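Before any comments, here is the structure.
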Number of protein chains: 2
Amino acid sequence: MYRIGELSALYDIKADTLRFYEKHGLLSPSSRSDSGYRLYNQDDSERLKFILRAKAVGFSLNDIADLLSIEVDKSNRACAEVKGLVDTKLEQVEAKLAELQHFATSLKSLSNTCCGGPDSAEHCSILEALESSDQHIIAKKEQHHFSHSGHKD
Amino acid sequence: MYRIGELSALYDIKADTLRFYEKHGLLSPSSRSDSGYRLYNQDDSERLKFILRAKAVGFSLNDIADLLSIEVDKSNRACAEVKGLVDTKLEQVEAKLAELQHFATSLKSLSNTCCGGPDSAEHCSILEALESSDQHIIAKKEQHHFSHSGHKD
DNA sequence: CTTGACCTTGGATTAAACTCTAAGGTTTAT
DNA sequence: ATAAACCTTAGAGTTTAATCCAAGGTCAAG
């Protein structure tokens, strides 16, 4: 059992943020002490971890509430309805994943070509890296033109 | 060349948002018409695409300004300094990627077990799916216990 | 040569997500 | 038993990222 200060310290957020999440239906402590202190258990902590993760990858608190609502009314809700919600979110997550992979590729190629690379300062720009990243793969393919195995990402 | 209304329509944002980005140093039109209209070229459009992508995966406008600054002062900046900035962002991107992959896995397993699956309504929760997703992989591994090849994501 | 749909500016307003303040009750340590 | 460090509430203030508004200039069509 954590008190509000302990839980907030654990995730490096303010106690106020936890009260804010409670007020907005995202996370309520599973119990209270005799004197009214919030008491969070391990499940509450996991739920908070989920909220913070989802937030970090660009979901709004409303989005997150949607996702968490899947848990709240478990058996009440028709399974097909749940599946719809999940699949919608999954599409969003996969779109974000694609964006991020694109990003990561560009940043990596930028990091490599920028320092130590032969053309160093010439194209030190993320935008150029983003634009050239696809052609980069093609160019690489052309270099060892005796192999044409199925490419994998 | 796009005028502000055209470019904003292209990305389904408000013209005001473009003026806002300009005021905050994120994106300036490469030129102006005689009458003072903003004129955006293809590079500006690419830059905007980058901003919107980065925003969608949870970067703040400040973060994005940092990333874009790599382009702005290309040759002015020491290459090692640029690399530092890029690598920091790359770490953030990869952390986000890991989160999202975890997310996607959980949502998929949720979508599968929830509807049609044998234990249907029993654990219709993202939190449960998130918690169990790792064990799920282990469980799956145990099923075909004659192979112990290097796992790939 | 004016009507309507654009554009300009600066400043006000909104919404989301905190973050802080005030006034007071609780717990732990001396 | 009292100070320091917690906790409670309600509500005000801040930051970020737009979004809207007002007053006026510009441009293509009739």
Side-chain angles (χ1 to χ4, degrees), chain A residues 1-41 44-45 47-69 89 92 96 99, chain B residues 1-41 44-45 47-69 89 92 96 99:
Chain A
M1 287 302 209
Y2 308 99
R3 287 189 301 180
I4 198 167
E6 292 166 336
L7 190 64
S8 63
L10 203 58
Y11 289 97
D12 197 28
I13 57 172
K14 297 273 155 68
D16 278 329
T17 303
L18 287 173
R19 292 192 201 98
F20 177 81
Y21 288 167
E22 183 174 348
K23 197 159 71 184
H24 290 76
L26 286 155
L27 174 66
S28 295
S30 49
S31 56
R32 293 278 183 138
S33 75
D34 288 346
S35 44
Y37 284 22
R38 289 167 177 81
L39 295 172
Y40 299 89
N41 65 16
D44 298 333
S45 173
R47 194 179 167 99
L48 177 58
K49 194 196 281 179
F50 174 85
I51 293 167
L52 297 176
R53 277 178 161 174
K55 225 169 61 67
V57 293
F59 283 111
S60 71
L61 296 190
N62 272 346
D63 286 335
I64 297 167
D66 280 359
L67 278 165
L68 286 169
S69 78
K89 290 297 169 187
Q92 287 173 27
K96 279 174 194 290
E99 295 292 326
Chain B
M1 285 304 208
Y2 309 98
R3 285 190 301 180
I4 197 166
E6 294 167 333
L7 189 64
S8 64
L10 202 59
Y11 289 98
D12 197 29
I13 57 172
K14 297 272 154 67
D16 278 329
T17 304
L18 287 173
R19 292 192 202 97
F20 176 80
Y21 287 168
E22 184 174 348
K23 197 159 68 182
H24 290 76
L26 285 154
L27 174 66
S28 295
S30 50
S31 56
R32 294 278 184 138
S33 76
D34 288 346
S35 45
Y37 285 22
R38 289 167 178 81
L39 295 172
Y40 298 89
N41 65 15
D44 298 333
S45 173
R47 195 179 166 98
L48 177 57
K49 195 195 279 179
F50 174 85
I51 293 167
L52 298 176
R53 277 178 163 174
K55 226 169 60 67
V57 293
F59 283 110
S60 72
L61 297 190
N62 272 345
D63 286 336
I64 297 167
D66 280 358
L67 279 164
L68 286 169
S69 78
K89 290 297 169 188
Q92 286 172 27
K96 279 175 195 290
E99 294 292 325

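Everything quoted here is computed from the prediction, not taken from an experiment. Residue numbering restarts at 1 for every chain, and letters A, B, ... go by the order of the sequence lines.
Extent of DNA chain D lying under 4.0 Å from chain A heavy atoms, first and last nucleotide in 5' to 3' order, is dC6(D) to dT9(D).
K96(B) contributes a side-chain N or O that, together with a main-chain N or O of A56(A), makes up a donor-acceptor pair within less than 3.5 Å. Judged by distance alone, with hydrogens and angles left aside, the side-chain atoms of D44(B) form a donor-acceptor pair with the main-chain N or O of S30(B) at under 3.5 Å.
Put simply, the side chain of R38(B) does not reach to within 4.5 Å of the side chain of S33(B), judged on heavy atoms.
Test R53(B), K89(B), K55(B) against I64(B) for side chain to side chain contact (heavy atoms under 4.5 Å, CB included) and you get one pass: K55(B).
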Report, as a single string ordered 5' to 3', how protein heavy atoms within less than 4.0 Å touch nucleotides 9-18 of chain C: B base, S sugar-phosphate only, - not at all.
B-------BB

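Going from atom CG of L39(A) over to atom P of dT27(C) covers 11 Å, rounded to whole Å. Per the geometry, OH belonging to Y37(A) stands 12 Å off C1' belonging to dG24(C), to the nearest Å.
Minimum heavy-atom separation, L18(B) to L48(B): CD2-CD2, 3.7 Å. The two atoms that bring V57(A) and E99(B) nearest to each other are CG1-CB, 3.7 Å, heavy atoms only.
When heavy atoms are screened at a 4.0 angstrom cut-off, I13(A) is found touching no nucleic acid atom at all.
Taking F20(A) as the reference, H24(A) meet the ring pair (Phe, Tyr, Trp, His ring centres under 6.0 Å) condition, with sequence neighbours excluded.
Using modelled atom types and a 3.5 Å distance limit, the side chains of Y11(B) and T17(B) yield no donor-acceptor pair.
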